[in-house]
Amino acid sequence: MAETTITVDGKVLSRVYAGASVIDAAQYLMPYPEVFIVCDANVADYAARVEEGLSHAGNFKGTLLIRATEETKTMDTVLKICEFLLSGGASRKAMVFAIGGGITTDMAGFAASIYKRGCKFAFLPTTLLSQVDAGIGGKTGVNYESLKNMIGIIRQPEFTYECPEVLETLSYRDFVSGTAELLKTFIIDNGAGLYGRAVKVLSKISNSSDKAFAIRENREDLIQMIAASAAVKAGVVSRDQFENGERRKLNLGHTFAHAIEHEARLKKVDIAHGEAVSMGMVLAAKLSEKVGIAELGLESMIRENLRVCGLPVECPFPLESLAAAMKLDKKAEAGGRIHFVLIAGIGNVVMKDMTVEEVEALLK
Ligand code: GLY
């Protein structure tokens, strides 16, 4: 069984396991004396399978099903999770096992981090997006009003259990949305030429008339790419857990993406996170050209690559409204400078601190 670790100063803080099936996740929960499951109500069946796997362990204490949407990603839901733990008699030795996409794992991880000043937690991410990004690295938290992930903490899960079985029941839209984070990771680190390989495999799936069949047919390639992407992210987080430097690279496309999502919420346009990241990476590529960090042609290449993989590449909102939203970005430093991640080439990204006004002028 493949295993990647997040290791800081020689200490393993978190492990990423590549498992075969949902039920097998239970074996990793055996050592914990109290297991509380928090599961997205849409995938309640996975919780039932883990409960079944734990049936002889005697440590399973209960399951809470939650509604996991950007609107319910709030302190209210986090408090409900804390109340569930409290009413179930959870001690500080409790393990909160979150099953779901990034919204579920972010909320359950945050609740576990504040319950009795912090108990243990682990994740079974059920979307591609959370397998390659949100489920690894320990960023947890909630939205505040229309501001995404404004309240939270970086605290590592005991482990993240990644299992290909869950991809088979994902909607194609959710699958494609997740591929944006996969491609983002390989734009940041193209070791072993994974970016080109990913574009090839994902465009093949996108062109197929039977997408579910194509995903199954390319399962092995997908598993390897997910594991490679998890390893890249685990490496970055090991070197810069609290995002003081290198980890900022993982935000490639995200400053734009968060602004796009902010506008989408206000205007009630349905844009998934990965879709916004795809549009955001195109804008980041354009900015890289304008700044002179990338050669002309990079933007059109990335735009075309994302498009053939089935991702949207055109931001539907005017630059002015994105600029206003970007000023709210929690990553803005004093003086209004934001760490923009620019693309010098595939596998080579660099950070540049810029004001929103500078970015707006360059992109006009
Ligand atoms: N999603 C970016 C990070 O985890 O740092």
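Counting starts at 1 for both ligands and their atoms, following the listed order.
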ask   = Which residues satisfy the side-chain contact (heavy atoms from CB on, under 4.5 Å) test with Lys352, sequence neighbours excluded?
value = Val291, Ile293, Leu342, Met354
task = Decide side chain to side chain contact (heavy atoms under 4.5 Å, CB included) for Met281 and Lys286; before the verdict, give the C-alpha distance in whole Å, the side-chain angles of both, and the deciding distance to 0.1 Å.
result = CA-CA 9 Å; Met281 287 195 291; Lys286 182 171 177 185; over 6 Å; no
message = For the backbone of Asn42 and the side chain of Asp40, can you confirm whether one donor and one acceptor N or O come within less than 3.5 Å of each other?
response = yes
task = Report yes or no: does Lys120 contribute a side-chain atom to a donor-acceptor pair with the main-chain N or O of Pro157 at less than 3.5 Å?
result = no
ask   = Can you check side chain to side chain contact (heavy atoms under 4.5 Å, CB included) on Tyr28 and Arg15, steps first, answer last?
value = CA-CA 11 Å; Tyr28 296 101; Arg15 295 170 197 275; over 6 Å; no
message = Tell me whether Ser206 contacts the main-chain N or O of Ser203 through its side chain, where contact means a donor paired with an acceptor under 3.5 Å.
response = no
note = Chain-and-number sorted residues having a heavy-atom contact under 4.0 Å with ligand 1 are Asp133, Lys139, Lys233, Glu243, Arg247, Leu250, Asn251
